[in-house]
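Note that the structure is predicted; figures quoted are calculated from it, not measured. Below, each value reflects all heavy atoms present in this structure, side chains not excepted, and no hydrogens, waters or symmetry copies.
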Amino acid sequence: MALLTPLFAFLYHLPQVYKWLLKPYYVASLFMSVAFLAIRKTPGVCDHLDTQREDGNPCDFDWREVEILMFLSAIVMMKNRRAITVEQHVGNIILFSKVANVILFFRLDIRMGLLYLTLCIVFLMTCKPPLYMGPEYIKYFSDKTIDDELERDTRVTWIVEFFANWSPECQSFASVYADLSLKYNCAGLKFGKVDIGRYGEVSKKHKVSTSPLSKQLPSLVLFQGGKEVMRRPQIDKKGRAVSWSFTEENIIREFNLNELYQKSKKLNKSKGDKVSQSQFPPVPEEEEPEQTGADAQGEESESKKDK
């Protein structure tokens with residue numbers, strides 16, 4: 001069962017994986033990830049490579065190469081245990097595949113190792129992973145607008161993500177955060193994002209470090225009445241983030257999103273009632289017309305005759 005669960009999950013997300021792999025960034029990364037395998041297995045090319053195999057076959061892996069690949073495969077499996085989305089799984093595989101290629105190329109020939117390492121550096125500097133461009137109900141803040149928006153209406157609860165575009169964890173979390181905004185956004189519960197890699201003053205004011213060593217990216221902060229109520233991940237005394245998994249289930253549970261959403265719907269209804277009253281003012285009651293003097297005298301004479 002432990003093997004079937006990830007297999008079914010992969011098959012379920014397979015169409016989405018194909019869509020990502022067709023993007024130029026992932027196509028180039030895929031070719032770089034299998035570069036050593038292609039050179040080692042291609043006839044006519046592998047014949048000129050050195051090998052430590054006992055049978056002298058240069059077109060097959062030797063025992064040291066197999067050992068390196070198995071070791072890095074174990075690291076990928078450990079890293080993917082904490083992965084949230086399919087993007088993180090694919091990203092971890094590509095990253096450690098490139099690391100394995102660097103080690104294997106340097107072991108094979110230092111010139112090939114330097115060439116491959118140079119290609120990796122150029123690729124890292126010129127190509128960036130594609131950003132999430134799907135639907136979302138998220139407001140993007142700047143250093144000048146965040147405080148005004150948080151304090152504009154004290155009845156509104158804000159969940160704000162502090163992120164940086166260069167962070168792989170923030171890029172992988174983008175789709176999860178967008179899905180939460182689509183499910184829970186309403187008049188009294190809103191979602192926002194601010195790029196603290198771009199606005200350094202915001203990171204200092206809200207005490208979110210952009211250092212990769214602090215592991216504080218991304219950070220989710222809950223604001224009520226313009227003031228911070230809670231945040232995840234929490235920060236220890238040394239200024240480092242306490243390990244926390246940014247899954248959709250964890251966020252819903254820790255931030256009580258279901259309860260907040262129910263309270264926010266009441267605020268939405270109260271706003272709707274006020275709007276309806278302002279748009280449709282009460283209709284004044286019709287007053288009965290006053291009787292004229294002649295009609296009144298006629299009624300009095302009729303009453304006298306009856307008597």
Side-chain angles (χ1 to χ4, degrees), residues 84-85 87-88 131-212 214-236 239-268 271:
I84 304 171
T85 61
E87 295 102 315
Q88 285 184 323
L131 300 177
Y132 177 79
M133 300 298 291
E136 59 183 20
Y137 287 138
I138 298 174
K139 186 174 183 62
Y140 286 80
F141 299 129
S142 66
D143 55 345
K144 298 179 180 179
T145 60
I146 181 170
D147 294 331
D148 295 336
E149 288 290 339
L150 295 177
E151 298 173 0
R152 177 172 297 178
D153 191 346
T154 56
R155 298 174 300 173
V156 177
T157 300
W158 281 93
I159 298 178
V160 181
E161 178 195 355
F162 294 83
F163 75 103
N165 282 326
W166 51 262
S167 171
E169 290 80 8
C170 296
Q171 295 168 3
S172 301
F173 180 63
S175 60
V176 178
Y177 192 59
D179 290 339
L180 289 172
S181 70
L182 294 173
K183 294 178 181 178
Y184 291 97
N185 183 79
C186 60
L189 178 60
K190 296 184 178 181
F191 293 78
K193 295 180 74 170
V194 58
D195 186 358
I196 57 175
R198 181 179 181 185
Y199 305 109
E201 296 180 357
V202 178
S203 66
K204 293 179 181 178
K205 180 177 180 180
H206 294 278
K207 298 179 181 179
V208 181
S209 175
T210 56
S211 173
S214 66
K215 297 184 179 180
Q216 294 185 27
L217 294 176
S219 286
L220 284 183
V221 182
L222 178 69
F223 292 93
Q224 289 181 334
K227 297 181 179 179
E228 179 181 337
V229 176
M230 64 173 294
R231 72 167 60 192
R232 291 293 182 273
Q234 295 176 325
I235 310 302
D236 59 15
R240 296 195 62 179
V242 179
S243 180
W244 194 73
S245 182
F246 280 87
T247 61
E248 186 172 333
E249 294 78 11
N250 284 349
I251 296 171
I252 293 173
R253 182 180 63 253
E254 292 290 330
F255 287 85
N256 293 324
L257 287 186
N258 292 321
E259 183 179 351
L260 286 175
Y261 182 68
Q262 294 300 326
K263 293 180 180 178
S264 302
K265 287 172 65 177
K266 295 180 181 179
L267 176 61
N268 195 13
K271 287 185 177 182

**Student:** Atom CE of M230 and atom CD of E254: how far apart are they, to the nearest 0.5 Å?
**Tutor:** 5.5 Å
**Student:** Assess whether a salt bridge exists between E149 and R152, defined as any Lys/Arg side-chain N lying under 4.0 Å from an Asp/Glu carboxylate O.
**Tutor:** yes
**Student:** Please assess K263 against E259 for the test salt bridge (charged side-chain N to carboxylate O under 4.0 Å, His left out), listing each intermediate value before the final yes or no.
**Tutor:** CA-CA 6 Å; K263 293 180 180 178; E259 183 179 351; 3.5 Å; yes
**Student:** Roughly how far, to the nearest 0.5 Å, is NZ of K227 from OG1 of T154?
**Tutor:** 10.5 Å
**Student:** Give a yes-or-no answer on whether the side chains of D195 and Y140 include a donor-acceptor pair shorter than 3.5 Å.
**Tutor:** no
**Student:** Taking all non-hydrogen atoms of both residues, which atom of Q216 and which atom of V208 are closest, and how far apart?
**Tutor:** OE1-CA, 3.5 Å
**Student:** Do L182 and Y137 have side chains that get closer than 4.5 Å, going by heavy atoms?
**Tutor:**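 Side-chain contact under 4.5 Å: yes.
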**Student:** Please confirm whether H206 and Y199 have ring centers closer than 6.0 angstrom.
**Tutor:**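 Distance test on ring centres: not under 6.0 Å, no.
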**Student:** I need the minimum non-hydrogen distance between R232 and F246, along with the two atoms involved.
**Tutor:**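 Shortest heavy-atom contact: O-CZ, 3.7 Å.
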**Student:** With rounding to the nearest 0.5 angstrom, report the CG to OH distance, L189 to Y184.
**Tutor:** 9.5 Å
**Student:** Test F141 against V160 for side-chain contact (heavy atoms from CB on, under 4.5 Å), laying out the working first.
**Tutor:** CA-CA 9 Å; F141 299 129; V160 181; 3.9 Å; yes
**Student:** Any non-hydrogen side-chain atom of K190 less than 4.5 Å from a side-chain atom of K139?
**Tutor:** no
**Student:** Report the distance from atom CD of E136 to atom CZ of F191, rounding to the nearest 0.5 Å.
**Tutor:**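 These two atoms lie 11.5 Å from each other.
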**Student:** If I compare all heavy atoms of E161 with all of P218, which pair ends up nearest, and what's the gap?
**Tutor:** OE2-CB, 3.6 Å
**Student:** Just checking, any donor-acceptor pair under 3.5 angstrom between side chains of N250 and T247?
**Tutor:**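 Yes - a donor-acceptor pair under 3.5 Å links their side chains.
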**Student:** Is it possible for you to check whether K193 lies under 6.0 Å from the centre of the six-membered ring of F163, through NZ or CZ, and within 45° of that ring's axis?
**Tutor:** yes
**Student:** What pair of heavy atoms forms the shortest contact from W244 to I251, and how long is it?
**Tutor:** CH2-CG1, 3.7 Å
**Student:** Using modelled atom types only, decide if a donor and an acceptor are shared between the side chain of T145 and the backbone of S142 within a distance under 3.5 Å.
**Tutor:**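 Yes, because the side chain of T145 sits within donor-acceptor range (under 3.5 Å) of the backbone of S142.
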**Student:** Any ion pair linking D143 and R198 (charged N to carboxylate O, less than 4.0 Å)?
**Tutor:** no
**Student:** When rounded to the nearest 0.5 angstrom, what is the spacing between OG in S243 and CG in D236?
**Tutor:** 11.5 Å
**Student:** Could you check whether any side-chain heavy atom of S203 comes within less than 4.5 Å of a side-chain heavy atom of S209, counting everything from C-beta outward?
**Tutor:** no
**Student:** Heavy atoms only: give me the nearest Y177-G192 pair and the separation to one decimal.
**Tutor:**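 So the minimum-distance heavy-atom pair works out to OH-O, 2.9 Å.
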**Student:** Looking at every heavy atom in both S167 and L217, which two are closest together, and how far apart are they?
**Tutor:**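 Nearest heavy atoms, S167 then L217: OG-CB, 4.2 Å.
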**Student:** Would you check if Y261 and N256 make a side-chain contact, meaning some heavy-atom pair closer than 4.5 Å?
**Tutor:**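 No, their side chains stay 4.5 Å or more apart.
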**Student:** Taking 4.0 angstrom as the limit, do K183 and E248 come out as a salt bridge?
**Tutor:**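 Salt bridge flag = yes for E248 with K183.
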**Student:** Using 0.5 Å steps for rounding, measure from the CD1 atom of I252 to the CG atom of L260.
**Tutor:** 11.5 Å
**Student:** With a 4.5 Å cut-off on side-chain heavy atoms, are L180 and I159 touching?
**Tutor:** no
